[in-house]
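Reviewing the structure listed below.
Since the model is a prediction, treat every value here as computed from it, not as a measurement.
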Amino acid sequence: NFGTGGGLTASKAPTATSITDGRIGVAADFDGTNDFICIDTKDGDCTADQNPLYDSEISKRTISFWFSPDTLPEGGGGGDVSMLYEEGGTVNGLNMYINGTKFVGGAWAGSYGWNGDWVTSSKSLEAGSWYFAAMVFDNPASGDKTLKIYLDGELEGTISVETNIAPNHSDDDGLGAVISDSKVQTGTINGNNSSRSNHFDGKMDEFRVTDTARDSDWLKTRYYSEL
């Protein structure tokens, strides 16, 4: 929750990401140029410091937040997207981003031979409006694993695979930019730890991660309670 200082410190927001009026209280305000926030940093420098508590293979997780883009990327090919959330790298990882006027979420697990899949929202985004995004994955011991993508409390799509959706990874994770490397529908985004890319221009609020696979009723209730 950015309103209670959830990560807005010099170590977790090295470029001094500012704050502004948010959906609830205050929000992180990303300038679209060099702002980002590391969310799993262990040593505080956001440079290849894997945090096992966050990056090790886990069975369930729900990632959710509000976002309001000030501008929208052109989208299309060439990786011209705005990254909202990403963890992992080009081998294993997952992310949520803006492609043109669409919200996109997906995952990949190259170490298990899965090249990944993504869900694109049916709703079109508008600059200056607030949206509630959520990603829920569930890795049961047997049967298909699922990744569900939600926008404004509505299920946009479900990805079902046989392999683990979120295996162990080592790259840094963050908000508002590609921290090191990532993948999108059109290919890979190769960066490095000193030069972030695909910056988000807008506001983000009420970021939460729980090791629970929230259901659609819970997410819809939260969405309407925070309108």
Side-chain angles (χ1 to χ4, degrees), residues 1-9 12-13 17-32 35-41 54 58 60-73 81-88 93-99 102-107 118-121 123 125-137 147-157 166 172-179 182 196 198-216 218-227:
N1 183 331
F2 298 128
T4 56
L8 294 185
T9 64
K12 298 220 177 183
T17 303
S18 60
I19 60 175
T20 186
D21 290 338
R23 193 72 192 85
I24 300 175
V26 298
D29 191 4
F30 299 85
D31 64 6
D35 285 349
F36 64 93
I37 296 175
C38 282
I39 59 176
D40 73 328
T41 181
Y54 198 88
I58 63 175
K60 297 178 181 181
R61 177 169 287 170
T62 299
I63 303 154
S64 59
F65 54 86
W66 286 87
F67 71 96
S68 176
D70 289 337
T71 61
L72 296 169
V81 303
S82 293
M83 193 61 63
L84 296 167
Y85 170 86
E86 65 102 6
E87 63 174 276
L94 47 89
N95 57 28
M96 288 178 273
Y97 59 89
I98 302 172
N99 184 357
K102 298 295 185 178
F103 168 73
V104 183
W118 285 261
V119 169
T120 300
S121 67
K123 175 183 288 189
L125 307 178
E126 296 181 358
S129 295
W130 280 98
Y131 302 94
F132 177 59
M135 167 184 282
V136 181
F137 61 83
L147 176 69
K148 297 181 178 181
I149 305 299
Y150 293 83
L151 186 65
D152 289 348
E154 299 294 334
L155 178 64
E156 292 288 347
D172 292 306
D173 314 324
L175 300 168
V178 174
I179 304 302
S182 194
R196 324 298 172 177
N198 299 83
H199 292 270
F200 167 61
D201 179 21
K203 299 176 256 315
M204 199 174 297
D205 199 3
E206 300 301 311
F207 175 77
R208 300 179 187 178
V209 178
T210 60
D211 288 342
T212 302
R214 301 293 192 188
D215 61 25
S216 58
W218 191 97
L219 292 168
K220 189 170 293 187
T221 297
R222 182 184 164 195
Y223 168 67
Y224 282 109
S225 69
E226 295 179 353
L227 278 176

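- Taking 4.0 Å as the cut-off between side-chain N and carboxylate O, Arg61 and Glu87 count as a salt-bridged pair.
- Checked against side-chain hydrogen bond (donor to acceptor under 3.5 Å, both in side chains), Asp70 has the following partners two or more places apart in sequence or in another chain: Lys203.
- Across Gly106 and Ile149, no two heavy atoms sit closer than the pair N-CD1, 4.3 Å.
- The structure places CD1 of Ile63 at 6.5 Å from CZ of Phe207, a figure rounded to the nearest 0.5 Å.
- The two atoms that bring Ser182 and Asn95 nearest to each other are OG-ND2, 3.0 Å, heavy atoms only.
- Although no hydrogens or angles enter the test, the distance criterion places no donor-acceptor pair under 3.5 Å between the side chain of Asn99 and the main chain of Val81.
- Shown here for Ala27 and Gly22, the closest heavy-atom pair between the two residues is CB-CA, 3.5 Å.
- Trp218 has its ring centre no less than 6.0 Å from the ring centre of Tyr150.
- When the salt bridge (charged side-chain N to carboxylate O under 4.0 Å, His left out) test is applied to Lys60, no partner is found at least two apart in sequence or on another chain.
- Glu154 is linked by a salt bridge (charged side-chain N to carboxylate O under 4.0 Å, His left out) to Lys220, counting only residues two or more places apart in sequence or in another chain.
- A distance-only check finds no donor-acceptor pair linking the side chain of Glu156 to the backbone of Val119 [under 3.5 Å].
- Checked against ring pair (Phe, Tyr, Trp, His ring centres under 6.0 Å), Phe137 has no partners two or more places apart in sequence or in another chain.
- When every heavy atom of Ala28 is checked against every heavy atom of Phe30, the shortest pair comes out as CB-CE1, 3.7 Å.
- Formation of a donor-acceptor pair under 3.5 Å by the Thr212 side chain with backbone atoms of Arg214 is not found in this model.
- The two residues Ile24 and Glu226 come nearest to each other via the heavy atoms CD1-CG, 3.6 Å.
- Ring pair Phe36/His199 is tilted by interplanar angle, where 30° to 60° counts as tilted.
- The salt bridge (charged side-chain N to carboxylate O under 4.0 Å, His left out) search around Asp201 returns none, not counting sequence neighbours.
- Rounded to the nearest 0.5 Å, atoms CG (Asp21) and CG (Asp29) are 10.0 Å apart.
- Here the closest non-hydrogen pair linking Met96 and Phe65 is CE-CE2, 3.5 Å.
- Side-chain contact, Arg222 with Ser64: a donor N or O sits under 3.5 Å from an acceptor N or O.
- Scored by the salt bridge (charged side-chain N to carboxylate O under 4.0 Å, His left out) test, Lys102 finds no partners at all (sequence neighbours excluded).
- Trp130 and Asp205 share no donor-acceptor pair across their side chains, judged by distance under 3.5 Å alone.
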